[in-house]
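The structure appears right after this line, and notes come after that.
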Amino acid sequence: MDIIKDFWGFLKERKKWWLLPMIVILLLMGILIMASGSAVAPFIYTLF
């Protein structure tokens, strides 16, 4: 949780709000890649 708090503080202090959507998209893509090797894979393929 410290990393999230530090990152949030960085965004607020430096006014770098444009980084937030990029980080969220990267996290979602990482989750999709990790889930593609599991039992959830057939459900992911139906989304696309």
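- Apart from Leu26 itself, the hydrophobic cluster it occupies contains nothing, where clustering links Ile, Leu, Val, Met, Phe, Trp and Tyr at side-chain heavy-atom distances under 4.5 Å.
- Hydrophobic side-chain contacts under 4.5 Å tie Ile33 to no other Ile, Leu, Val, Met, Phe, Trp or Tyr residue.
- For residues 19-38, no pair satisfies ring-ring contact (aromatic ring centres under 6.0 Å, His included), with sequence neighbours left out.
- A distance of 8.0 Å separates CD1 in Ile23 from CG in Leu11, rounded to the nearest 0.5 Å.
- Hydrophobic cluster membership is shared by Phe10 and Leu27, with clusters built from Ile, Leu, Val, Met, Phe, Trp and Tyr side chains linked at under 4.5 angstrom.
- Here the straight-line distance linking atom CG of Leu20 with atom CD1 of Ile25 works out to 10.0 Å at 0.5 Å rounding.
- Through direct or indirect side-chain contacts shorter than 4.5 Å among Ile, Leu, Val, Met, Phe, Trp and Tyr, Leu28 is connected to Val24.
- Other residues sharing a hydrophobic cluster with Ile3 under the 4.5 Å side-chain heavy-atom criterion for ILVMFWY residues do not exist; the residue is a singleton.
- Rounded to the nearest 0.5 angstrom, Met22 CE and Lys16 NZ are separated by 10.5 Å.
- Shown here are the ring pair (Phe, Tyr, Trp, His ring centres under 6.0 Å) partners of Trp17, two or more places apart in sequence or in another chain: Trp8.
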